[in-house]
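Quick notes on the structure that follows.
Here the structure is a predicted model, which means the values were calculated and not measured.
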Amino acid sequence: MFLIQDLFSLPRLHHVFSESVLQSLSESVTSSSCKSTELEQCRDESAALVLKFVAMASILLAGFGGVAIPLAGKSRRLLRPDGDAFTAAKAFAAGVILATGFVHMLRDSWEALGDPCLRTYWGAWAKFPFTGFFAMVSALCTLLVDFMATAYYERKEELGRVERAKVVECGSDEEALLETGIVEVKDVGGEGSHAVQQTHSHSHHRDDVESTVRHVVVSQVLELGIVSHSMIIGLSLGVSQSPCTMRPLIVALSFHQFFEGFALGGCISQAQFKTLSATLMSCFFALTTPLGVAIGAAIASVFNPYSPGALITEGILDSLSAGILMYMALVDLIAADFLSKKMHCNFRLQITCYCLLFLGAGLMSSLAIWA
């Protein structure tokens, strides 16, 4: 009798179980139970909307100002890319980028992927350190892209140089030959008598080419890392409805946007891009975060940043961006400058750059108290 009753109750139990599962899945995507009580109490949509416009204007001006200073000042003695003042300022900016990756992006990723909601719905997220894993994968992939892009540009430049040399050899055009870096003019007799001879000067030309190629690759990969995390933080600010969170975040983002722009502008200046290319790269950087804020503000009413799906997406993207920024700051900005001959030959510049490097990292890290 009990068995028959149990059999008749199976469809009803199955229906109840199905509804429970569907309800759990729905809540995992749309639930806002992860939102803290403090943020809910500070919620003010009208004030938040005003702050979003302030944020877009402030971050836009900071980004354009930061990236424009080294580009506009490369013809000035004080801000020339090969000057000591530029190297020192670049060290400060490198410290800001390093702290952004280690202190801000990794922390945000850790908090998002370690949220209690994810432990409730997907327990696997709490059993593996995905933040460190994705940051490591991102850094290794950046190394691979860095290596492949450098090899590609060097091969392209070398082939172009060889082709130019072959073309001008037949015409004996001294000026064209000199441009290839393979030959130089030497006096062989009396006054005014000279001949074009092959020399070892092409080795110096090759060093210059390799240096320019490195700056091209560094500027492009650095922009990729900066732009990717700029879009993330822009969206995060745009969907927020809490003025308490937004006020310190606007100050922090404007500060780090300025110095990230300065570091990127310095790399673009050293890469010797054409004016159009440099302008496009600068505008792309400066507009990314304000665009993210605008998109976030537009979808704020329908997007739940505290759902498990949003937390996972934000956490993964933050950790990937952190890996890119940490690699670029340590390898292509700090190591490239601090291990150079220029730095070794100037003790005063060494002390100045080290102090500014730690100052930039320290100031950017301290902003984590408020944002």
Working to the nearest 0.5 angstrom, can you tell me the gap between [X] [atom1] and [Y] [atom2]?
X	Y	atom1	atom2	result
Ser321	Leu325	OG	CG	6.5 Å
Leu235	Ile295	CG	CD1	6.0 Å
Ser219	Ile226	OG	CD1	10.5 Å
Asn346	Ile351	CG	CD1	10.5 Å
Cys283	Phe64	SG	CZ	4.0 Å
Ile97	Met328	CD1	CE	8.5 Å

Common cluster, [X]/[Y], ILVMFWY with side-chain heavy-atom separation under 4.5 Å:
X	Y	value
Tyr152	Leu222	yes
Val216	Leu264	yes
Ile250	Val293	yes
Leu61	Leu51	no
Tyr153	Ile268	yes

Pair Val218-His215, side-chain contact (heavy atoms from CB on, under 4.5 Å): steps then yes or no: CA-CA 5 Å; Val218 168; His215 289 309; 5.5 Å; no
Please output the side-chain donor-acceptor pairs of residues 136-149 that fall under 3.5 Å, not counting sequence neighbours, one pair per line with the distance.
from, atom 1, to, atom 2, distance (Å)
Ser138, OG, Leu320, O, 2.5
Ser138, OG, Ile324, N, 3.4
Thr142, OG1, Ser138, O, 2.7
Asp146, OD1, Arg214, NH1, 2.8
Asp146, OD2, Arg214, NH2, 3.4
Asp146, OD2, Tyr327, OH, 3.1

Which pair of heavy atoms, one from [X] and one from [Y], lies closest together, and at what distance?
X	Y	result
Ala294	Met56	CB-SD, 3.8 Å
Ala47	Pro243	CB-CG, 3.9 Å
Ser58	Ser254	OG-OG, 2.6 Å
Ala368	Val103	CB-CG1, 3.7 Å
Gly266	Phe86	CA-CZ, 3.2 Å
Gln241	Ala300	NE2-CB, 3.4 Å

Look at the side chain of Thr313 and the backbone N and O of Gly309, then say whether any donor-acceptor pair between them is shorter than 3.5 Å. yes
Okay, side chain of Ser269, backbone of Gly265: is any donor-acceptor separation there less than 3.5 Å? no
Any side-chain heavy-atom pair of [X] and [Y] under 4.5 Å:
X	Y	value
Phe102	Met364	no
Ile299	Val239	yes
Thr289	Glu260	no
Met343	Thr87	yes
Leu333	Cys267	yes
Val54	Met246	no
Ile59	Leu237	yes

For Lys342, does the NZ atom sit with more than 12 other heavy atoms under 6.0 Å from it, leaving out its own atoms? yes
side-chain contact (heavy atoms from CB on, under 4.5 Å) for Asp337 and Cys353? Distances and angles first, verdict last. CA-CA 9 Å; Asp337 286 341; Cys353 287; over 6 Å; no
Stepwise side-chain contact (heavy atoms from CB on, under 4.5 Å) test for Leu280 and Phe284: CA-CA 6 Å; Leu280 290 176; Phe284 189 58; over 6 Å; no
Name the orientation class of the two ring planes belonging to Phe130 and Phe133 (parallel below 30°, tilted from 30 to 60°, perpendicular beyond 60°). perpendicular
Apply side-chain contact (heavy atoms from CB on, under 4.5 Å) to residues Leu106 and Met326 and explain how you reach the verdict. CA-CA 10 Å; Leu106 277 184; Met326 289 186 294; 4.0 Å; yes
Could you please spell out the steps behind the ring-ring contact (aromatic ring centres under 6.0 Å, His included) verdict for Phe258 and Phe262? CA-CA 6 Å; Phe258 177 84; Phe262 188 91; 7.0 Å; no
